[in-house]
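Here's the structure, in structure tokens; my notes come after.
One is the number of the first residue; the rest follow in order along the sequence.
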Amino acid sequence: LCDWSSDVCSSDLAAKTMCSAMKAKGIEIYTVGFALDELSSSDKATATGMLQNCGSDIAHFYQSFDTEQLQAAFKSIGNKVAQTSVRLVK
């Protein structure tokens, strides 16, 4: 949705609309905030709030402060998706 480091961000309304539309279709949404601590306090609050609200629920939001935590977040997401996904096998 946003890249605050380069000030490229869709409007809050557009992001909220997109997240709401995905949730309405039953799409499970995970969000990951990376290095949000490097933002100003107001930008960090905005980014964190957007990511928390966009995710399917608060448990679908991950905050990572370094690459190790980022890798761990994606590993955790991958594990959760693998546990809940339906697979068809022949």
Side-chain angles (χ1 to χ4, degrees):
L1 298 177
C2 297
D3 178 1
W4 276 272
S5 63
S6 63
D7 295 327
V8 177
C9 184
S10 60
S11 73
D12 285 349
L13 180 59
K16 289 175 185 177
T17 301
M18 180 174 45
C19 292
S20 294
M22 289 189 295
K23 288 179 186 180
K25 290 185 178 191
I27 297 171
E28 186 171 15
I29 305 167
Y30 289 90
T31 59
V32 179
F34 179 65
L36 298 180
D37 57 325
E38 296 178 10
L39 301 173
S40 69
S41 59
S42 64
D43 285 347
K44 179 181 177 180
T46 300
T48 300
M50 179 64 70
L51 292 169
Q52 288 175 336
N53 290 326
C54 185
S56 293
D57 57 40
I58 194 68
H60 284 68
F61 168 66
Y62 292 80
Q63 189 164 347
S64 304
F65 298 102
D66 58 37
T67 54
E68 286 181 21
Q69 290 177 345
L70 183 63
Q71 290 173 339
F74 281 107
K75 184 176 182 176
S76 176
I77 293 167
N79 289 337
K80 288 180 180 180
V81 170
Q83 291 173 358
T84 61
S85 295
V86 175
R87 294 199 174 118
L88 300 176
V89 292
K90 191 174 183 182

Pairs under 3.5 angstrom only: tabulate donor-acceptor contacts from the side chains of residues 69-80 to other protein residues two or more places apart or in another chain.
| unit_1 | atom_1 | unit_2 | atom_2 | d |
| --- | --- | --- | --- | --- |
| Q69 | OE1 | F65 | N | 2.6 |
| S76 | OG | Y62 | OH | 2.9 |
| N79 | ND2 | K75 | O | 3.4 |
| K80 | NZ | Y62 | OH | 3.0 |

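Between N53 and C19, the closest side-chain pair of non-hydrogen atoms is not below 4.5 Å. The shortest distance between side-chain heavy atoms of T84 and E28 falls below 4.5 Å.
By the side-chain contact (heavy atoms from CB on, under 4.5 Å) test, I27 is found to be paired with M22, K25, I29, residues two or more places apart in sequence or in another chain being considered. Residues forming a ring pair (Phe, Tyr, Trp, His ring centres under 6.0 Å) with Y30 (at least two apart in sequence, or on another chain): H60. With sequence neighbours left out, K23 forms a side chain to side chain donor-acceptor pair (under 3.5 Å) with no residue at all. For S40, the side-chain contact (heavy atoms from CB on, under 4.5 Å) partners at least two apart in sequence or on another chain are S42, D43.
Summarising the geometry of L36 relative to Q63, their closest heavy-atom pair is CB-NE2, 4.2 Å, with the distance given to 0.1 Å.
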